[in-house]
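As structure tokens, the structure follows; a few thoughts come after it.
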Amino acid sequence: MLSHMLSNESVEPQGELAQIDRIRRLARVPRGSSIVLGIGDDCAIFRQRGATEDLVFTTDMLIEDVHFRRKTHRPEDAGWKALARGLSDIAAMGAAPRFCLVSLALAPWADSNWVNGFYRGLLRLAHREKTVLAGGDLARAAMVMCDIVVCGSVARGQALRRDGAHAGDGIYVSGALGGSALGFSRLRLNKRADKAQQRHLKPEPRIALGRFLRGKVRATAAMDLSDGLSLDLHRLCLASGLSAEIAAPPVFPGASKEQALHGGEDYELLFTALARAIVPGSFEGLPLTRIGTMRKGRPGAVFLDGTPLPPLGYDHFRKP
Ligand SMILES: [Mg+2]
């Protein structure tokens with residue numbers, strides 16, 4: 001849960017990663033499969049023989065009291081967020097969204113007004129991003145749970161992955177970080193709506209930016225910042241077999257440095273680019289900031305101003 005995000009509980013960075021690794025070993029992709037990238041990135045990549053485009057797939061859960069709360073999130077917000085999380089993974093691959101499938105389990109309290117609001121919020125974003133709602137399932141459960149699958153497409157072999165960074169590549173983030181964590185903390189205090197709360201309630205998937213990074217900047221690796229910079233950069237480093245040296249990232253107005261480093265759900269993009277790449281200072285008004293450099297060294301290690309930065313971002317499987 002987001003409320004755990006900033007705690008200094010014992011650090012067990014292997015929690016969720018180790019669980020995913022065990023599943024990946026069990027689900028080994030057979031040689032010759034059309035799945036050219038399986039578990040472990042923002043999306044899986046499916047390539048059909050002779051096709052000029054790859055299809056990318058992501059799936060994401062949105063669970064009551066984990067990813068949204070009935071008290072603070074209107075049904076429209078929950079629906080928007082369910083899709084935005086998936087679209088953010090599509091953006092991280094530099095792909096264009098095509099369609100989504102949405103399965104929704106409804107708690108006894110969720111009446112037809114709530115369900116209609118949920119789909120209104122989801123479809124508002126879907127229409128804007130030209131993502132067709134192509135199917136799904138409805139069920140009853142003790143709490144509201146949503147699972148969404150989003151399919152996107154990208155030129156064959158061109159998807160941005162987490163494992164493509166080289167030593168010497170610059171490390172960049174879009175926007176300012178910590179806004180969602182700040183907004184979440186303010187929502188809990190029932191303070192009035194502000195920009196940080198909006199940031200938490202209605203995250204913006206960076207789809208146009210992802211395609212720009214792939215096509216124009218030729219980013220070497222990318223992922224979306226869903227669980228906090230410290231943990232997500234650690235994951236990108238692990239995938240690329242490198243370490244990272246960074247300075248503090250841009251901080252969302254009012255947020256703390258801790259929130260910017262470890263707070264989740266900003267849904268900005270984290271990416272790397274060759275040292276000689278030309279990365280503009282902004283894209284469509286969104287700042288792009290270089291925060292550091294990829295280095296050879298212990299894979300996964302991240303240093304902030306020369307000091308090891310523990311991956312404290314949000315991990316569902318970390319032991320309290
Ligand atoms: Mg992601």
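Not measured: the values here are computed from a predicted model. For ligands, and for the atoms within them, numbers begin at 1 and follow the listed sequence. Note that the numbering runs from 1 along the sequence shown for the chain.
When you scan the N, O or S atoms of D42 for the one nearest the Mg ion (ligand 1), you land on OD1.
Geometry note: the Mg ion (ligand 1) is the vertex, D89 OD1 and D224 OD1 are the arms, and the angle is 100° (rounded to 10 degrees).
Side-chain contact of D89 with T58: a donor-acceptor pair under 3.5 Å is present, judged by distance alone.
For the salt bridge (charged side-chain N to carboxylate O under 4.0 Å, His left out) condition, the pairs that include at least one residue of residues 95-120, sequence neighbours left out, are E53-R98, E76-R120.
When side chains are defined from C-beta on, W109 counts as touching E64, because their heavy atoms get closer than 4.5 Å. Side-chain contact check for R85 versus H67: some heavy-atom pair is nearer than 4.5 Å.
Checking D232 against the Mg ion (ligand 1), every N/O/S atom stays at or beyond the 2.8 Å cut-off.
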